[in-house]
Amino acid sequence: MSDKQQFFDSLNLLEQLPLFLTENINRLSEEIQANCTQLSIPAGLQIDTLEIIEFLNKVKLNRQAQLQNSSLKINLIYYLWHDEQAGQLRFNFINAAHQTLPFGCAVSLIKSEEEVVADFLSSNYLQGIPWEELTDISAMPEVAEVAIEAAFTLKVYQEIIFHSSAHHPQSLR
């Protein structure tokens, strides 16, 4: 069996993870804790964008089935981003009643998952950022944390996962 096949076989567990659902938007921390998934690529493994998209589609279908089997009549926001500092592709599912995505930085909504996945796969930091490339900002008092946060914009893809199968997933724009 190839390393790639072993990698995708290991993702089967992620596809089937139980979904935490709530109508209470004050339970955002619990939604994030339970429903956020991080994906890392082993060093040297060659994966292409379409393979990752196929995996993400399986995950979304699984979560939609769990949602439909729930007694809660809610929709979900599925969102995907590349956490470059951690060298990970991340995705999450939260109640669609939330007005904003839970990020502490500016967000740029993009139109395709492919763009996020391609950025992830082409990153020089798939194994994380080497310590020697990091700068200790505490040694630079003239740089305020607020200025650093304001200078960063995270690219995020999102779509609605509907409770009813009569709806098809649509991108939020």
Side-chain angles (χ1 to χ4, degrees), residues 11 13-41 49-50 52-123 125-126 128-129 137 143-173:
L11 296 183
L13 290 174
L14 296 178
E15 281 180 40
Q16 307 299 320
L17 287 175
L19 184 60
F20 174 76
L21 297 170
T22 181
E23 292 175 308
N24 184 344
I25 62 169
N26 294 322
R27 296 180 73 186
L28 178 61
S29 293
E30 291 172 83
E31 289 181 282
I32 292 169
Q33 178 85 22
N35 297 335
C36 185
T37 302
Q38 303 85 26
L39 182 64
S40 298
I41 304 290
T49 301
L50 292 178
I52 298 291
I53 295 297
E54 183 179 317
F55 161 73
L56 293 171
N57 285 334
K58 290 178 188 177
V59 170
K60 289 187 289 185
L61 286 172
N62 173 275
R63 301 312 189 270
Q64 185 173 40
Q66 290 184 53
L67 182 62
Q68 288 173 349
N69 290 327
S70 164
S71 62
L72 298 178
K73 302 298 182 209
I74 62 171
N75 298 321
L76 296 174
I77 298 173
Y78 156 77
Y79 58 102
L80 173 75
W81 72 100
H82 171 211
D83 184 336
E84 189 162 32
Q85 288 183 321
Q88 297 174 332
L89 183 66
R90 295 184 179 195
F91 56 91
N92 201 358
F93 297 85
I94 60 173
N95 186 316
H98 292 290
Q99 297 299 309
T100 60
L101 294 176
F103 292 106
C105 64
V107 171
S108 172
L109 295 178
I110 59 173
K111 295 182 181 185
S112 76
E113 290 172 295
E114 289 83 358
E115 184 176 344
V116 176
V117 173
D119 285 353
F120 166 65
L121 292 175
S122 65
S123 172
Y125 303 114
L126 287 179
I129 299 174
I137 64 167
V143 178
E145 276 188 52
V146 174
I148 293 169
E149 286 181 15
F152 179 74
T153 301
L154 182 65
K155 293 194 312 189
V156 179
Y157 170 80
Q158 69 176 9
E159 68 183 59
I160 296 291
I161 305 295
F162 291 97
H163 182 277
S164 167
S165 60
H167 291 95
H168 297 286
Q170 293 181 352
S171 298
L172 289 175
R173 296 197 178 31

(request) Check whether any side-chain heavy atom of Val107 sits under 4.5 Å from a side-chain heavy atom of Thr153, and report yes or no. (result) no
(request) Using a 4.5 Å cut-off on heavy atoms from C-beta on, say whether the side chain of Asn92 contacts that of Thr37. (result) no
(message) One thing to verify: whether Lys60 and Glu113 come together as a salt bridge, which I'm taking to mean a side-chain N less than 4.0 angstrom from a carboxylate O.
(response) yes
(request) Could you note down all residue pairs passing salt bridge (charged side-chain N to carboxylate O under 4.0 Å, His left out) where residues 62-76 supplies at least one of them, sequence neighbours left out? (result) none
(request) Check for a donor-acceptor pair, side chain of Glu159 on one end and backbone N or O of Tyr157 on the other, with a separation under 3.5 Å. (result) no
(request) Scan side-chain atoms only and decide if Ser123 and Glu84 contain a donor-acceptor pair under the 3.5 Å cut-off. (result) yes
(request) With sequence neighbours left out, write down each residue that passes side chain to side chain contact (heavy atoms under 4.5 Å, CB included) with Ala65, or none if nothing qualifies. (result) none
(message) Ignoring hydrogens, what is the shortest heavy-atom contact between Leu154 and Cys105? Give both atom names and the distance.
(response) CB-SG, 3.7 Å
(message) When you compare the side chain of Leu28 with that of Asn95, does any pair of heavy atoms fall below 4.5 Å?
(response) no
(request) State which residues pass side chain to side chain contact (heavy atoms under 4.5 Å, CB included) with Asn62; sequence neighbours excluded, sorted by chain then number. (result) Gln16, Gln66
(message) Suppose the criterion is salt bridge (charged side-chain N to carboxylate O under 4.0 Å, His left out): which pairs have a residue in residues 88-97, not counting sequence neighbours?
(response) Asp83-Arg90
(message) Distance check, rounded to the nearest 0.5 Å: Leu61 atom CG versus Leu56 atom CG?
(response) 11.0 Å
(message) Could you check whether any side-chain heavy atom of Leu11 comes within less than 4.5 Å of a side-chain heavy atom of Leu39, counting everything from C-beta outward?
(response) yes
(message) Rounded to the nearest 0.5 Å, what separates atom CD in Gln64 from atom CD1 in Ile160?
(response) 11.5 Å
(message) Tyr78 vs Gln158, test: side-chain contact (heavy atoms from CB on, under 4.5 Å). Steps then yes/no.
(response) CA-CA 5 Å; Tyr78 156 77; Gln158 69 176 9; over 6 Å; no
(request) State, yes or no, whether a side-chain contact exists between Leu19 and Asn35 at a heavy-atom distance under 4.5 Å. (result) yes
(message) Counting C-beta onward and ignoring hydrogens, is there a side-chain heavy-atom pair between Lys155 and His82 closer than 4.5 Å?
(response) no
(message) I need the minimum non-hydrogen distance between Thr49 and Leu121, along with the two atoms involved.
(response) N-CD1, 3.5 Å
(message) Is it the case that the side chains of His98 and Glu31 hold a donor-acceptor pair, with the cut-off being a distance below 3.5 Å and no angle test?
(response) yes
(message) How close do Asn75 and Leu67 get, counting heavy atoms only, and between which atoms?
(response) CA-CD2, 4.4 Å
(request) Looking only at non-hydrogen atoms, find the nearest pair between Ser40 and Gly87 and report the distance. (result) OG-O, 4.0 Å
(request) Kindly determine whether Phe93 and Ile161 satisfy side-chain contact (heavy atoms from CB on, under 4.5 Å), including the steps that lead there. (result) CA-CA 9 Å; Phe93 297 85; Ile161 305 295; 4.2 Å; yes
(message) Quick one, His163 with Ile74, criterion side-chain contact (heavy atoms from CB on, under 4.5 Å). Give me CA distance, side-chain angles, the key distance, then yes/no.
(response) CA-CA 6 Å; His163 182 277; Ile74 62 171; 5.6 Å; no
(request) With the side chain counted from C-beta on, respond yes when Val117 and Leu80 share a heavy-atom pair under 4.5 Å apart, and no when they do not. (result) yes
(request) Report the distance from atom CG of Leu21 to atom CD1 of Ile94, rounding to the nearest 0.5 Å. (result) 12.5 Å
(request) Any chance you could measure Glu30, atom CD, to Thr22, atom OG1, to the nearest 0.5 Å? (result) 7.0 Å
(message) Can you confirm whether more than 12 heavy atoms, excluding those of Glu54, are under 6.0 Å from its CD atom?
(response) no
(message) Quick check: do Val156 and Ser108 have side-chain heavy atoms less than 4.5 Å from each other?
(response) no
(request) Quick one: list whatever passes ring-ring contact (aromatic ring centres under 6.0 Å, His included) with Phe20, sequence neighbours left out. (result) none
(request) Under the ring-ring contact (aromatic ring centres under 6.0 Å, His included) rule, collect the residues that match up with Tyr79, sequence neighbours excluded. (result) Trp81, Phe103
